Amino acid sequence: MSMDGHDAGSPHRQREPRSGVPGPTGPHVWMLHSTDAAIVRMRHDGGPLGVGMPIPCVDAFSVIVQRRDFTAHRLWKRGRLVFRGGHAAGTLAITHLGDEWRCAHDAPFDNVRIQLPAVVLEDCARDAGLRSAGTLRASPGTRDPVVAALLQSLLPALTDPACAAPLFVHETLLTLQQHLLRRYGGAVGRTARSVRLSAAQHRVACEFLAAHAFDRVSVAAVAEACGLSRSHFTRAFLETTGRTPHRWMLAHRLQQARSLLRGPLTLAQIASACGFADQSHLTRTFRNAYGLTPGAWRRAAGVADPA
C-alpha cells in the first residue's frame with residue numbers, strides 16, 4: 001500500500017523524482033514521541049511543497065488519516081511513480097516503511113499519522129493472545145471511524161506534549177494497535193486467556209499510582225514495579241480492577257478533590273493540588289464523573305464557598 005492509501009502496484013510509471021523547491025512556507029508540524037510510537041499532525045495551507053526528501057527505510061508501519069480533502073499528491077516507490085491523485089477527508093492509509101518512498105505534496109493538506117515499529121505490533125499481538133500475519137494492509141479509500149477517533153483523541157497531547165498524560169497516551173495507543181492488528185493485520189481471533197494481577201502486584205500498582213497520582217507517571221514505570229511488560233500490565237490491571245491505570249488514577253484524583261471540597265480551598269487551588277491542568281479541567285472531569293460541577297457538589301454537601 002502507498003503512503004496515503006493507494007496500491008503500490010498502480011500502472012503509473014515515471015523516472016525517479018528530482019528534488020523540488022518547497023513553497024515559501026513549510027507545513028506546520030505537531031509531534032509527540034512515546035515509547036512505542038511517534039504521532040504527528042502535519043498541516044499545510046499554502047502552495048505545492050515540491051518533492052520531499054526520501055523517507056527513511058525502517059521496519060515500521062505508517063498509519064495516516066486525512067483530516068480534509070488532499071487533492072494533489074504524487075508518490076514514488078524505489079524511484080517509480082506509483083500514484084498521482086488525491087485522497088478524500090477521512091480516508092485511511094497504511095504503509096510499510098521498509099521500501100524507498102518519496103512523495104510530493106502538491107496541494108494543501110491536514111493529516112494525522114502514527115509510526116508503529118513492527119516489533120511493537122508483534123509484542124502487542126503476543127500479549128493480547130493474537131496470531132498476526134506480521135503485516136498491516138488497508139484498501140485504498142478505507143474509512144475507519146475507530147482509528148480516526150483514537151487519533152483525534154491524541155490531538156490535545158500533540159498540541160501540548162508537556163501536559164500530555166502518559167497513561168492516557170499509552171492506553172490509547174494500545175487500543176489502536178490491537179484494533180489495527182485485528183482489522184488490518186489478519187490477526188486470528190483466538191480469545192486471550194484471562195490475566196489478572198496477583199494480590200501483591202495489585203497492592204504495588206495501586207500504591208505506586210496513588211503515590212504518583214499528581215505526576216506524569218508512565219505505564220512503563222508502574223509495570224516495571226510489578227515485574228510485567230507494559231501491555232500485559234495494562235490488560236491485567238483492567239481485568240483486576242475494572243479500570244485502566246489512567247481511569248484509576250483519574251478516579252483517585254477526583255476522590256482527593258471531593259475531600260478537599262469540604263475544606264476552605266478555592267476550586268482553583270483544589271485543581272492545582274489534585275493535578276488538574278486548571279479549574280476548568282477539574283470542572284469538566286468532575287461533572288462527567290458525578291453529574292455536578294465541583295461548586296454545585298460543594299453546596300449540596302452543605303459546605304460554604306470560600307470567601
Side-chain angles (χ1 to χ4, degrees), residues 1-23 26-33 36-44 46-122 133-144 147-148 151 158 176-177 180-181 184-186:
M1 298 304 301
S2 76
M3 286 289 291
D4 288 272
H6 286 261
D7 196 290
S10 168
H12 296 287
R13 293 178 181 271
Q14 184 170 309
R15 65 182 182 274
E16 185 169 355
R18 294 174 298 167
S19 295
V21 178
H28 298 281
V29 178
W30 296 263
M31 183 178 298
L32 177 67
H33 285 280
D36 293 340
I39 309 107
V40 180
R41 179 186 176 189
M42 295 182 65
R43 190 189 76 204
H44 180 64
L49 292 176
V51 179
M53 298 294 292
I55 298 168
C57 292
V58 292
D59 189 13
F61 292 90
S62 173
V63 181
I64 303 175
V65 173
Q66 302 296 334
R67 303 189 72 241
R68 71 182 188 195
D69 289 340
F70 181 20
T71 60
H73 173 239
R74 289 173 290 154
L75 184 71
W76 290 262
K77 179 180 179 180
R78 299 174 186 167
R80 174 175 171 262
L81 182 69
V82 295
F83 175 71
R84 182 197 296 269
H87 315 284
T91 54
L92 165 76
I94 300 177
T95 305
H96 184 252
L97 299 178
D99 295 304
E100 298 173 5
W101 295 102
R102 205 167 183 183
C103 63
H105 295 78
D106 297 325
F109 63 91
D110 186 357
N111 59 49
V112 183
R113 62 188 69 198
I114 179 170
Q115 183 171 315
L116 291 165
V119 66
V120 168
L121 290 170
E122 291 168 4
T135 190
L136 301 177
R137 292 189 180 92
S139 301
T142 294
R143 293 178 183 272
D144 189 327
V147 173
L151 291 179
L158 287 173
L176 176 61
Q177 291 167 32
L180 292 170
L181 286 166
Y184 305 108

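Being a predicted model, the structure only gives us computed values, none of them experimental. This chain uses plain numbering: 1 for the first residue, then up along the sequence.
In this structure, CG in D99 is found 7.0 Å from SG in C57, a value given to the nearest 0.5 Å. The distance from the CG atom of L151 to the CZ atom of R41 is 12.0 Å, given to the nearest 0.5 Å. Atom NE2 in H44 sits 9.5 Å away from atom CE in M42 (nearest 0.5 Å). Atom OH of residue Y184 and atom CG of residue D144 lie 3.5 Å apart, to the nearest 0.5 angstrom. The CG atom of L32 sits 4.5 Å away from atom CD1 of I39, with the distance rounded to the nearest 0.5 Å. Distance check: C103 SG to L81 CG gives 11.5 Å after rounding to the nearest 0.5 Å.
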Which is it for L116 and L180 under the side-chain contact (heavy atoms from CB on, under 4.5 Å) test, yes or no, and what are the steps along the way? CA-CA 11 Å; L116 291 165; L180 292 170; 3.7 Å; yes

Is there a side-chain contact (heavy atoms from CB on, under 4.5 Å) between V63 and L176? Walk through the geometry before answering. CA-CA 10 Å; V63 181; L176 176 61; 5.8 Å; no

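For the residue pair Q66 and A88, the shortest heavy atom distance occurs at CB-O, 3.7 Å. Minimum heavy-atom separation, L97 to S62: CD2-CB, 3.9 Å. Between A60 and Q115, the closest heavy-atom pair is CB-CG, 4.0 Å. The shortest non-hydrogen separation linking A107 to T71 is CB-OG1, 3.3 Å.
R68 meets the salt bridge (charged side-chain N to carboxylate O under 4.0 Å, His left out) test with D45; sequence neighbours excluded.
A heavy-atom distance below 4.5 Å is not found between the side chains of F109 and H87. Side chains of W30 and V112 form no contact here, defined as non-hydrogen atoms less than 4.5 Å apart. E100 has its side chain out of reach of W76: every pair of non-hydrogen atoms, C-beta onward, lies at least 4.5 Å apart.
Using cut-offs of 30° and 60° for the angle between ring planes, the H105 and F70 rings count as parallel.
In terms of modelled atom types and a separation under 3.5 Å, the side chain of R102 and the main chain of G52 share a donor-acceptor contact. Side chain of D69 to backbone of A89: a donor-acceptor contact under 3.5 angstrom is found. W101 places a side-chain N or O within donor-acceptor distance of the main-chain N or O of H96, the cut-off being under 3.5 Å.
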